[in-house]
Amino acid sequence: MQVEYVILVNSNDQPLGAMEKMEAHEKGVLHRAFSVFIFNSEGKMLLQRRALEKYHSPGLWTNTACSHPRTGEKTIDAAHRRLEEEMGFDCEIEEAFSFVYKSNVGGGLIEHEYDHVFFGTSDTMPVPNPAEVVDYKYVSINWLTNDIAENPADYTVWFKIAMKEVLKNLNANKKR
C-alpha cells in the first residue's frame, strides 16, 4: 500500500509542509481536506456509506466524496479525482465554503482539518468503488435533517458539522 501524505496548513490554509496521513491523524495536526456534495436535478443530495474496511468511520453515512489533496495538487483537482475514484463519475463543481474542525474519530485518530466544501449538480448514476463505498442513496434535505437529528451516530463527524453550513448556503442561494 502506498504511503499517503497530507498538506499541513495554518488556520489561514497556508501550507506548512507535509506529513504522512496516519501520523497526522494520530497527532491531530491541522491539514487540508475537501468534501464534495452532489445534488441531483430534484435537489436531492447524494450520500455515500463508507466501506466497512475504512481506517476510520467505517460504515457511516457521509457526503458524496471527501479526502485530502496531494502535495502540489490543487484542491479542486483533488475533489474531481476523488469523486471519480469513490463514486465512478465526475461533474462540474464549485467551492461553496470552508471550515476548520477538530474531532476524535475513534481508534486513537483525530481529524483536524481545514475542509474545503464543493457543491455540484449531476443526474449521473454512481458506480461506487467497493473499496471506498458500501452503499449510496439520494435523499431530500428535509429527510436528511430529520435523520441526522434522530440517528446522529449513523453519520460521520465532519458531515454533521458541514451540514450546518451547507444548510445556510442552500438557504442563502436558493439554487437547489
Side-chain angles (χ1 to χ4, degrees), residues 4 6-15 21 24-25 28-50 54 56-57 60-71 73-103 105 110-124 126 128 132-133 136-145 147-149 152 154-176:
E4 293 184 49
V6 295
I7 301 167
L8 304 180
V9 296
N10 65 18
S11 60
N12 295 316
D13 196 35
Q14 296 170 322
K21 181 170 80 170
H25 288 106
V29 180
L30 183 60
H31 57 279
R32 188 175 294 155
F34 60 86
S35 297
V36 180
F37 288 75
I38 301 299
F39 300 84
N40 66 16
S41 59
E42 297 174 2
K44 292 183 176 181
M45 184 186 295
L46 175 58
L47 301 182
Q48 67 153 280
R49 185 169 171 234
R50 289 169 59 86
K54 297 294 281 185
H56 74 76
S57 309
L60 297 182
W61 288 97
T62 196
N63 49 287
T64 312
C66 56
S67 191
H68 310 90
R70 296 174 177 151
T71 303
E73 183 179 36
K74 292 180 182 177
T75 305
I76 192 166
D77 294 340
H80 282 291
R81 172 178 53 80
R82 286 304 289 175
L83 186 55
E84 181 69 41
E85 290 172 357
E86 292 182 26
M87 300 303 286
F89 75 94
D90 193 13
C91 65
E92 291 287 323
I93 58 175
E94 61 184 34
E95 188 163 355
F97 63 92
S98 60
F99 68 101
V100 175
Y101 75 99
K102 185 175 186 177
S103 183
V105 292
I110 300 166
E111 285 279 21
H112 189 192
E113 298 185 332
Y114 193 108
D115 196 5
H116 296 262
V117 177
F118 294 89
F119 286 174
T121 303
S122 177
D123 287 321
T124 301
E132 299 288 342
V133 179
Y136 72 91
K137 60 186 172 186
Y138 284 92
V139 298
S140 72
I141 298 300
N142 288 338
W143 182 91
L144 180 59
T145 303
D147 199 56
I148 290 172
D154 291 351
Y155 296 89
T156 62
V157 170
W158 65 89
F159 180 67
K160 291 181 284 189
I161 295 168
M163 274 305 296
K164 293 172 186 171
E165 286 298 319
V166 167
L167 292 172
K168 287 181 194 174
N169 274 267
L170 292 177
N171 289 335
N173 294 327
K174 297 288 186 198
K175 289 182 180 177
R176 306 194 199 309

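Start at 1 with the first residue, then count along the sequence.
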Would you say that E42 contacts S140 through its side chain, given a criterion of any heavy-atom pair below 4.5 Å between the two side chains? no
Hey, what do you get for CZ (F97) to CG (D115), rounding to the nearest 0.5 Å? 8.0 Å
Quick one: do the H31 and H68 side chains pair a donor with an acceptor below 3.5 Å? yes
Looking only at non-hydrogen atoms, find the nearest pair between T64 and E86 and report the distance. O-OE1, 3.9 Å
Taking side chain to side chain contact (heavy atoms under 4.5 Å, CB included) as the criterion, tell me which of I76, L83, T75, V117 meets it with F34. T75
I'd like to know if K54 pairs up with E132 as an ion pair, taking the criterion as any Lys NZ or Arg NE/NH1/NH2 lying under 4.0 Å from an Asp or Glu carboxylate oxygen. yes
Just so I know, are the side chains of L46 and N40 near enough to count as touching, which here means a heavy-atom distance under 4.5 Å? no
Can a donor-acceptor pair be found between the side chains of Y114 and N10 at a distance below 3.5 Å? no
Taking the ring of F119 and the ring of F39, is the distance between their centroids below 6.0 Å? yes
Does the side chain of C91 come within less than 4.5 Å of T121's, by heavy atoms? no
OG on S67 to CD on E4, rounded to 0.5 Å: 6.5 Å
Check: P152 and K160 side chains under 4.5 Å, non-hydrogen atoms: yes
Indicate yes or no: at least one non-hydrogen side-chain atom of M45 is less than 4.5 angstrom from one of F37. yes
Cation-pi check for W61 against K137: NZ or CZ below 6.0 Å from the six-membered ring centre and within 45 degrees of the axis, yes or no? yes
Closest non-hydrogen atom pair between A24 and V6, with its separation: CB-CG2, 3.6 Å
For a quick check under 3.5 Å, do W158 and T62 share a side-chain donor-acceptor pair by atom type? yes
Could you tell me if the side chain of D147 sits less than 4.5 Å from the side chain of Y155, heavy atoms only? yes
Would you say the rings of Y101 and F99 are close, in the sense that their centroids are separated by under 6.0 Å? yes
Between CG on residue L144 and CE on residue M163, distance to nearest 0.5 Å: 4.5 Å
Is there side-chain contact between E94 and E92, with heavy atoms separated by less than 4.5 Å? no
Within the 4.5 Å heavy-atom criterion, are I148 and F159 side-chain neighbours or not? yes
